[in-house]
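Chain identifiers are assigned alphabetically (A, B, ...) following the order of the sequence lines, protein sequences preceding nucleic acid strands; residue numbering begins at 1 within each chain.
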Amino acid sequence: MFRPVSPQVNLPKVEEQALALWRKHDIFRKTEETRRGGPEFVFYEGPPTANGKPGVHHVLARAFKDIFLRYRVMRGYHIIRRGGWDTHGLPVEIEVEKKLGFTSKRQIEAFGVAEFNKLCRQSVFEYIQDWENLTERIAYWVDLENAYVTYHNEYIESVWWILKRFWEDGLIYRGHKVVTYCPRCGTPLADHEVAQGYRETEDPSVYVRLPLKDEPDTALLVWTTTPWTLPANVAVAAHPDVTYVKVRHPLPEGEHEYLIVAQPLLEQVFRDEADKIEVVAEFPGKALKGKRYQPLFTFVPPEKPAHFVVLADFVTTEDGTGLVHMAPAFGADDMEMARKYDLPIINTVKPDGTIVEAVRPWAGMFFKDADPLIIEDLQKRGLMFRAETYTHTYPFCWRCGTPLLYYARPTWYIRTTAKKDRLVALNEQINWVPAHIKHGRFGNWLENNIDWALGRERYWGTPLPVWQCQECGHQHAVGSVAELSEMAGRDLGGLDLHRPYVDEVTLTCPQCGGTMKRVPELIDVWFDSGAMQVAQWHYPFENQEILKTQHPADYVCEAVDQTRGWFYSLHAISTLLFDKPAFKNVVCLGLILDENGYKMSKSRGNIVDPWDVINTHGADALRWYLFTAGPPGESKRFSLNLVGETVRRFSLTLWNVYAFFVTYANLDGWRPRPGEQPAYSELDRWLRSELHALVRDVTAAYEAYDALNATRPVERFVERLSNWYLRRSRRRFWKSEADEDKHAAYSTLYEALVTVAKLIAPAMPFMAEELYQNLVRSVDEGAAESVHLADWPTVDEAAIDEKLNQEMSLVLKLVSLGHAARNKAGIKVRQPLREAAFAVGRAGEQDVVPRHADLLTEELNVKQVRVLSGQGEAVSYSLKPLPKQLGQKYKGLFPKVRQAILALDAEEAAAKLLAGQPIQVEVEGQTYAILPDEVEVRMEAHSGLTVASEGAYLAALDTEITPELRQEGLARDFVRWVQDARKKAGLELSDRIRLFYQAPEEVAAAVEAFREYVMAEVLAVEMTAGAPPEDAFVTEASGGKVTLGLLKA
RNA sequence: GGGCCUGUAGCUCAGUCGGUUAGAGCACUGUGCUGAUAACGCAGGGGUCACUGGUUCGAGUCCAGUCAGGCCCA
């Protein structure tokens, strides 16, 4: 016996049962153990930061990781699925700062770095329970017990080892660069961090006069969106080759002034005043070089010559005035100019974002808050030409939302540019899904590689292991705890490698014997996560053997926003360290959008709780939806309803086929008979052909990391299994004798269900387990304990019959036309008809009708089917030249060939073509033979016939209902009423009955005429015309005209 | 401003090497069927294949440009 299955199902409950089974039998651990010795498949888990609850987008990534790993296990691969946690960095610090109510680094230092970091360490695991619960519930199998943790000393030590290698290769340097800097967090941000924070924002847009020293009443007009940088101005840049003009601009009260701007921007600058101005001079930008102007502010006196015009190619005439204000402390281009022209660097903003003391009126203000006051000041002094606002995108801190500052600071870099060629070359070895990322987003990023800004001036992170001598300035990178101990002259094995403890370790300078102290910086957290490929194994201090088999990864998968995050940090570190790619295959997932098409993110607060979906529809449906919703790389909108559709369309369809099978197999006491070749019917052969073609295609999709084509075709198959195979096979299961045909039907359906269970196991692990346990384990003690420990199904190539598959699609089309014709005629399917005749447009397809006559007659409830013969039938013919075949053959001649074919006598040509013979056409004096498969023959019914047609296909019904047919129809109606009554009476499927009926004369006559048929259909051992006995279940049918009485026999 | 992606029915998506009548599911309406089904069959309404131009005998498909959206970078 199979465990009985109800068609009514609570899928989340079924899933809980599977979870319990996995837990009880430790199935996950066994997926690793039982495959030991198999080929190795290497997977890297991109460590999430567990500083918030996981959302649907996390489920997406975890589902896509899991699906290919489960598939590989079933293929016999051994996989170490080690989890990992990203635990360092600003995200963690900011959570703690929020709790403590801190807003600046000074508060952290006053609070104490040791205590602060202790809180950071604790907060990292605050949400870990949520992650673990969700991970288990969505069936993402990953080893969280032995997960790597980026804050562990061993992990940090490995990171140090990498950094020392880079140091020794001369890849780490301290440079002065204008960085994107968060004044609130007090640290520069890496480019990939900056990238996450671009927002549309409104800024001032000001046009300012800079009066020339040597030309009275004349001023340079500059444009800026950052008035706060004006006190740091040291020069103005003009493009050497752009044409500039000096214009006379009228002022109120009859006065006027002269302004200099770029000629192409003239109208844009003066707008409605354009007709009032007068160009008095025109000259190239070069001519402006060296012209001195009066500084706007004099708070900070420059220590070098300043306030004159310089020339630069980066000046554009897209917007502004063509004259660019230069503040080297606050812009990369500006800093470049400062170097070139030896300009002074005036820094008017402190690292905490406040204005320096020297700028007295606004000292201590947050830099951006000074904008309106500076504008006001310039207006009062008549230096403001125009002040308005301007909407553009500007970077904000991705964590705290503070506007970022372009700010000149010393910091540490990794010279990735030195290995740019290798970064690009090794990318060629990586298989990207979707493919365009390889040379698109990722490839372009590598081509335009800039050095990796490594340093972070923060507290909770991996310390940069560089010590500097206080005496001679010598720098040394430490690559292990042992080295640290040795240089410190004491055993530091128990030292917490975090700040502040590591900062307290002083070393002896190998050059001068002086005292060395660690530099204050931490490293970028992206370096932490990118280092997991070696640091998760505490390599090279341990596990040197393991690393040989665990690098590079066969597969990684994250959302597309990781292209410049984790994917890059993995790739860059592996390239610099091993000159090898870090991963061979990578799936980049699109973003999950909310119902309104917005990105789901914590900062937006529009995260859909995955638990809602799981509790309503189950994790399988959620997973299946994510796999089938569209190409993985594209963003998808997400809602509860879309997942619900998956349940109705696929899960329940499959479930009901399963429930049907179990119900009837139990009634018949059926068991699979392994090794025996059943007497398959044509329909069985077709289903097996489709099934094995499915196995073939799905397998290929899994091999190609194509989740979409690993899942969607299964839906299509199950749909056909349910709505064609089962529908047409039902009677085979119902019939009472247990013959070979019945066995073949069971065998076929069983094979289909078991195979589907395995095919969906990677994607829908719970449903697959339920089917497998009940269908396989219950009858085969020796079978693998779980579907996830079972072997992947093999393709029986011999079972695949592509011709049969095509024929069956044609049968389905003809059936559909037959139903349509019935619909037109208004004759219900239960009423048998004498004949259906079909037209098929191509010679080769004609024999489909006789070959599948059984299916067609049963489905359409007709006594016979045939092909329309043509001559003498009530149809006319037309020819449709097929452009695909003829166009490719005749190219430019096609239109004329087409005309020639259409000009032929259709009757005559059709007869030849349907007989498989070519026809001749003449075009431009040449004769061409047109082959039968180059023309479609269409038949149209003359009026009066009940037909339905589509393209070359047509179904015609003989709608005459003879008395015999009518009687048979009534008998079938009667059967239907009795079945309904059985159901109402609450009888079991297999219960035999004694049947009593009272019906009008015509019905009674039909029932008696088909007495044997009726009794067999309704499982009646006795059928009596007359009043039912007292104790019978009595009901009425046919609007009260028929009374039925049932007694369980 | 640059790079990448997307634009097909009310919604979610297919659409092969370019082939002349562009499909499916959901939703809606009608109708039929049902002792597996939360179903299913059939029919109907619903399309400027974002737009413009080009290549071609033929363009949803290829090319160029434009527009809109998304992501990434300036």
> Got a sec? Which of residues 890-898 of chain A come in under 4.0 Å of RNA chain B, heavy atoms?
Replying inline: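 Those residues are A/Lys891, A/Gly892, A/Phe894, A/Pro895.
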
Any protein N or O atoms within reach of nucleotides 39-43 of chain B? Criterion: under 3.5 Å, listing atom names and distances.
residue	atom	partner	partner atom	Å
B/C42	O2'	A/Asn823	ND2	2.7
B/C42	O2	A/Asn823	ND2	2.8

Rounded to the nearest angstrom, tell me the gap between atom [atom1] in [X] and atom [atom2] in [N].
X	N	atom1	atom2	result
A/Asn444	B/A74	CG	P	13 Å
A/Asp933	B/G19	CG	C1'	15 Å
A/Leu591	B/G70	CG	C1'	8 Å
A/Trp566	B/C72	CH2	P	19 Å
A/Asp561	B/G70	CG	P	16 Å
A/Trp432	B/C4	CH2	C1'	13 Å
A/Lys889	B/U20	NZ	P	18 Å
A/Tyr568	B/C4	OH	P	20 Å

Heteroatom pairs (N/O) under 3.5 angstrom, protein to nucleotides 33-35 of chain B:
residue	atom	partner	partner atom	Å
B/U34	OP1	A/Arg830	NE	3.1
B/U34	OP2	A/Arg830	NE	3.0
B/U34	OP2	A/Arg830	NH2	2.3
B/U34	OP2	A/Arg976	NE	3.3
B/G35	OP2	A/Arg976	NH1	2.3
B/G35	N7	A/Gln979	O	3.0
B/G35	N7	A/Gln979	OE1	3.3
B/G35	O6	A/Arg982	O	3.3
B/G35	O6	A/Arg982	NE	2.6
B/G35	O6	A/Lys983	N	3.4
B/G35	N1	A/Leu987	O	2.9
B/G35	N2	A/Leu987	O	3.0

> Partners of A/Arg727 by salt bridge (charged side-chain N to carboxylate O under 4.0 Å, His left out), sequence neighbours excluded?
Replying inline: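 A/Arg727 satisfies salt bridge (charged side-chain N to carboxylate O under 4.0 Å, His left out) with A/Glu859 only.
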
> Partners of A/Arg976 by salt bridge (charged side-chain N to carboxylate O under 4.0 Å, His left out), sequence neighbours excluded?
Replying inline: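 Only A/Asp980 meet the salt bridge (charged side-chain N to carboxylate O under 4.0 Å, His left out) criterion with A/Arg976.
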
Nucleotide N/O of nucleotides 9-18 of chain B paired with protein N/O under 3.5 Å:
residue	atom	partner	partner atom	Å
B/C13	O5'	A/Ala629	O	3.3
B/C13	O2'	A/Arg712	NH1	3.4
B/C13	O2'	A/Arg712	NH2	2.8

>> Suppose the criterion is salt bridge (charged side-chain N to carboxylate O under 4.0 Å, His left out): which pairs have a residue in residues 646-668 of chain A, not counting sequence neighbours?
In response: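 Found A/Glu645-A/Arg649, A/Arg649-A/Glu715, A/Asp668-A/Lys742.
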
> Stems in RNA chain B: runs of 3 or more consecutive Watson-Crick or G-U pairs, distances under 3.5 Å?
Replying inline: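 Stems for RNA chain B, defined as runs of 3 or more consecutive pairs: B:1-7 with B:67-73, B:10-13 with B:23-26, B:28-32 with B:40-44, B:50-54 with B:62-66.
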
> Pairs in or reaching into residues 626-635 of chain A: which pass side chain to side chain donor-acceptor pair (under 3.5 Å), with residues at least two apart or in two chains?
Replying inline: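 Checked against side chain to side chain donor-acceptor pair (under 3.5 Å) - neighbours excluded - no pair reaches residues 626-635 of chain A.
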
> Just wondering, are more than 12 heavy atoms of other shown residues or ligands nearer than 6.0 Å to NZ in A/Lys889?
Replying inline: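 Atom NZ in A/Lys889 is crowded, with more than 12 foreign heavy atoms closer than 6.0 Å.
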
> Can you say whether the rings of A/Phe661 and A/Trp670 are parallel (under 30°), tilted (30 to 60°) or perpendicular (over 60°)?
Replying inline: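 The arrangement is perpendicular - the two ring planes meet at more than 60°.
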
> Mind checking whether A/Trp624 and A/Phe650 have parallel, tilted or perpendicular rings, split at 30° and 60°?
Replying inline: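 Correct class here is parallel.
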
What protein N or O atoms touch nucleotides 60-62 of chain B N or O atoms at under 3.5 angstrom, if any, and at what distances?
none

> Can you list the residues that meet the side-chain contact (heavy atoms from CB on, under 4.5 Å) rule with A/Pro832, with sequence neighbours excluded?
Replying inline: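 A/Pro832 satisfies side-chain contact (heavy atoms from CB on, under 4.5 Å) with A/Asn861, A/Lys863, A/Leu965, A/Glu968 once adjacent residues are dropped.
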
> Excluding sequence neighbours, so at least two apart, what forms side-chain contact (heavy atoms from CB on, under 4.5 Å) with A/Lys983?
Replying inline: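 A/Lys983: no side-chain contact (heavy atoms from CB on, under 4.5 Å) contacts found.
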
> Taking the nucleotide of RNA chain B with the closest heavy atom to each, which residue, A/His439 or A/Gly887, is nearer the 5' end?
Replying inline: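 Nearest-nucleotide comparison on RNA chain B picks A/His439.
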
>> Quick check on the 6.0 Å ring-centre criterion: do A/Tyr625 and A/His617 meet it?
In response: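 No, ring centres 6.0 Å or more apart.
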
> Is a side-chain donor or acceptor of A/Glu15 paired with a backbone partner of A/Asp620 at a separation under 3.5 angstrom?
Replying inline: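 Side chain of A/Glu15 to backbone of A/Asp620, a donor-acceptor pair under 3.5 Å: yes, one is there.
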
